Amino acid sequence: MKRALITGITGQDGSYLADYLLKNDYEVHGVVRRTSSLERSRLAHLFKNPDIYNKRLFLHYADLEDITALRRIFLSVQADELYHLAGQSHVGLSFPMAEMTCDLTAIGTLRLLEIMRDMPGKPRLFHPSSSELFGQPKSSPQNEDTPYLPTSPYGCAKAFATQIVKVYRDCYGLFACNGIMYNHESPRRGENFVSRKICRAAAAIKLGLQAKLVLGNLDAERDWGYAPDYVRGMWLSLQQQKADDYLFATGETHSVRELVELAFKAVDLEWESHVEVDTALFRPSEPLRLVGDASKAKRELGWTPSCSFQELINLITRAEFDELQQLGSEGDNSRRNRT
Ligand code: GDD
C-alpha cells in the first residue's frame with residue numbers, strides 16, 4: 001500500500017485528494033494546524049467511516065513554521081508521495097497580509113524542501129503553483145514557458161516557490177513537480193472565493209435568506225475548472241518516470257459577470273436587481289485575462305477537464321440550494337463552517 005502525506009488536507013483540494021487517494025488504496029496522512037474549532041467538515045464523511053479514520057487516514061498536528069514538528073512527522077510517516085497544499089491561498093488577502101503570505105507560501109515551501117533534502121527515503125513532492133505567476137501576461141493562452149510577471153504578493157510568493165522547487169529538482173535530484181493550477185472550484189470551495197460566494201448568494205436570495213450580493217470587479221476574467229479534475233492532475237504528475245512541471249486549465253476564459261448570470265439563472269432569478277458592486281472589493285492590481293494551455297498535461301499525462309463552465313456553476317449553485325434548504329428545514333439557517 002502506497003503512503004501519502006498531505007499538508008493542507010482540510011482545504012478544498014486536500015479533502016478531494018484524500019478521497020481520491022483513499023479510493024486508490026493509499027494510506028493517507030494529513031498535517032493539520034491546531035485551531036480552537038475541531039470542525040473539519042470537508043473530511044467529516046471520512047471521520048465517520050470506521051474502516052478509514054485511524055485505519056487508513058491519520059492526522060498529525062503541526063504548523064508550517066514549526067520545522068521540528070514537521071521534520072518529525074516526515075520521518076515517522078516515511079511517505080512515498082508528499083502533496084504540499086497548505087498555505088495562504090487568498091489572492092485578495094495577500095495584499096493586507098503580504099508578509100504572512102510570503103512566509104507561508106514562499107519560505108514555507110523552501111523549508112519543506114530543506115527537510116526533504118535530509119531525508120533518507122525521499123518522497124516525491126507535488127507543489128501546487130498558480131496562474132497568478134503570470135499576472136498580466138504578454139501572451140494568451142499561457143503555458144509552462146510563459147514568463148512570470150506576478151501582480152500580487154501571493155503571485156510573487158508562488159513565483160519564488162515554483163522556481164525554488166525547480167532549483168532543488170535540478171541541484172539535488174529531488175523528484176519534485178510544480179502543477180500550475182488555474183482556478184478550480186467546487187461546493188467545497190471556501191466561501192470568500194468568488195465562485196462559492198456568488199453561487200451561495202444566488203441560492204440564499206432565491207430562498208429568501210439573503211437580500212443582496214455585493215461584489216468587486218465584475219469584468220475580471222478567469223479560467224475556471226472543477227476541483228476534483230485538478231486533484232487527479234496532482235496525482236498523475238507524481239506517477240511519471242521523470243519529475244516535471246505541468247499546467248492545468250480548461251483553456252476557456254469567463255468573466256465574473258458571466259459567472260453571476262449563470263448562477264442566478266440556475267435558480268431562475270434575474271441577477272441585475274440583486275447584485276451591487278463595491279469598489280472597496282476591487283484589488284489594488286488584477287490579472288485581467290488568465291487562460292491556460294494544458295496541452296502538455298493532456299499529451300504526457302492524459303489529463304483533460306471533465307466539466308464545462310456552465311455545468312460547474314450549475315453544480316455548485318444546486319449544492320448550495322440543497323444545503324441551505326436542508327438547514328432551513330432543520331430550523332437552522334446559520335452558515336456552516338466547512339473548514
Ligand atoms: N474573492 C472575491 N470576492 N473575488 C471577487 C469578488 C469578491 O467579492 N468580486 C470580484 N472578484 C474577482 C477577483 O477580483 C478575481 O479577479 C476573481 O473574482 C477571482 O477571485 P477569487 O475567487 O478570489 O480567486 P483568485 O483568482 O484570486 O485566486 C484563486 O485562483 C488562483 C489560481 O488562479 C485562488 O484559489 C488562488 O489560491 C489560486 O492560486
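If you're wondering where the values come from, they're calculated on a predicted model, not measured in any experiment. One-based numbering, in listed order, for ligands and for the atoms of each.
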Worksheet item: Of the protein's non-hydrogen atoms, which lies at the shortest distance from atom 37 (O) of ligand 1, and what is that distance?
Response: S89 O, 2.6 Å
Worksheet item: Of all the atoms in ligand 1, which lie at a distance below 4.0 Å from a heavy atom belonging to H90?
Response: 1 (N)
Worksheet item: Which residue supplies the protein heavy atom nearest to atom 38 (C) of ligand 1, what is that atom called, and how far is it?
Response: Y154 OH, 3.6 Å
Fill in: Pick from R283, E286, K197: the one approaching atom 7 (C) of ligand 1 most closely through a non-hydrogen atom
K197
Discussion item. As an exercise, identify every atom of ligand 1 less than 4.0 angstrom from a heavy atom of N217.
Written reply: 9 (N), 10 (C)
Worksheet item: ligand 1 versus F282, non-hydrogen atoms closer than 4.0 Å: side chain, backbone, both, neither?
Response: neither
Practice prompt. Flag yes if L112 and F126 sit in one hydrophobic cluster, no otherwise; membership is Ile, Leu, Val, Met, Phe, Trp, Tyr, and two members link when side-chain heavy atoms are under 4.5 Å apart.
Written response: no
Worksheet item: Taking distance alone, with no angle check, do S195 and ligand 1 share an N/O pair under 3.5 Å?
Response: no
Discussion item. If I apply the N/O under 3.5 Å rule, does E132 come out as touching ligand 1?
Written reply: no
Item to complete: Please indicate whether any nitrogen or oxygen in S131 is less than 3.5 Å from any nitrogen or oxygen in ligand 1.
Response: yes
Worksheet item: If hydrogens are left out, which of G155, G292, G216 has an atom nearest to atom 9 (N) of ligand 1, that is, the closest non-hydrogen atom?
Response: G216
Worksheet item: Ring centroid separation for F193 and W224, is it under 6.0 angstrom?
Response: no
Response to the item:
Of all protein heavy atoms, the one nearest atom 28 (O) of ligand 1 is V91 CG2, 3.4 Å
Worksheet item: Any side-chain donor-acceptor pair under 3.5 Å between Q239 and E81?
Response: yes
Item to complete: Take the angle between the ring planes of Y172 and Y168 and call it parallel below 30°, perpendicular above 60°, tilted in between.
Response: perpendicular
Item to complete: Could you pull out, from M181, H184, R189, the option with a heavy atom nearest to atom 35 (O) of ligand 1?
Response: R189
Practice prompt. Kindly indicate whether a cation-pi arrangement holds for K2 with Y26, taking the cut-offs as under 6.0 Å to the six-membered ring centre and within 45° of the axis.
Written response: no
Practice prompt. For A220, counting its heavy atoms only, list the atoms of ligand 1 lying under 4.0 Å from any of them.
Written response: 16 (O)
Worksheet entry | Residue part near ligand 1, for R222, under 4.0 Å between non-hydrogen atoms | side chain
Discussion item. Looking only at the side chains, is there a donor atom on one of D223 and T250 sitting less than 3.5 Å from an acceptor on the other?
Written reply: yes
Discussion item. Starting from atom 24 (O) of ligand 1, what is the nearest protein heavy atom, named by residue and atom, and what distance separates them?
Written reply: N183 ND2, 3.5 Å
Worksheet entry | Within-cut-off N or O pair, W224 and ligand 1, under 3.5 Å | no
Worksheet item: Among side-chain atoms of E27 and H29, is any donor-acceptor pair under 3.5 angstrom?
Response: yes
Worksheet item: At a non-hydrogen distance cut-off of under 4.0 Å, which region of N192 contacts ligand 1 (side chain, backbone, both, or neither)?
Response: backbone
Practice prompt. Establish whether F58 and L43 are linked, either directly or via other cluster members, by ILVMFWY side-chain heavy-atom contacts under 4.5 Å.
Written response: no
Item to complete: Would you give the length of the straight line joining atom CD of E185 to atom CG of L259, rounded to the nearest 0.5 angstrom?
Response: 8.0 Å
Practice prompt. Answer yes or no: does an N/O atom from V256 fall short of 3.5 Å to an N/O atom of ligand 1?
Written response: no
Practice prompt. Take every heavy atom of R196, measure it against each atom of ligand 1, and state whether any distance is under 4.0 Å.
Written response: no
N/O donor-acceptor pairs under 3.5 Å from side chains in residues 136-146, not counting sequence neighbours:
from: Q136; atom 1: NE2; to: E286; atom 2: O; distance (Å): 2.7
from: S140; atom 1: OG; to: Q142; atom 2: NE2; distance (Å): 3.2
from: S140; atom 1: OG; to: R289; atom 2: NH1; distance (Å): 3.4
from: Q142; atom 1: OE1; to: Y182; atom 2: OH; distance (Å): 2.6
from: Q142; atom 1: OE1; to: V291; atom 2: N; distance (Å): 3.0
from: Q142; atom 1: NE2; to: S139; atom 2: O; distance (Å): 3.2
from: N143; atom 1: OD1; to: D145; atom 2: N; distance (Å): 2.8
from: N143; atom 1: OD1; to: T146; atom 2: N; distance (Å): 3.3
from: E144; atom 1: OE2; to: L247; atom 2: N; distance (Å): 2.8
from: T146; atom 1: OG1; to: N143; atom 2: N; distance (Å): 2.8
from: T146; atom 1: OG1; to: N143; atom 2: O; distance (Å): 3.2

Worksheet, complete the sentence: Heavy atoms of T317 and A202 approach each other most closely as CG2-CB, 4.4 Å
Item to complete: Establish whether V32 and I115 are linked, either directly or via other cluster members, by ILVMFWY side-chain heavy-atom contacts under 4.5 Å.
Response: no
Worksheet item: Any idea which of V194, V214, T105, L281 brings a heavy atom closest to atom 6 (C) of ligand 1?
Response: V194
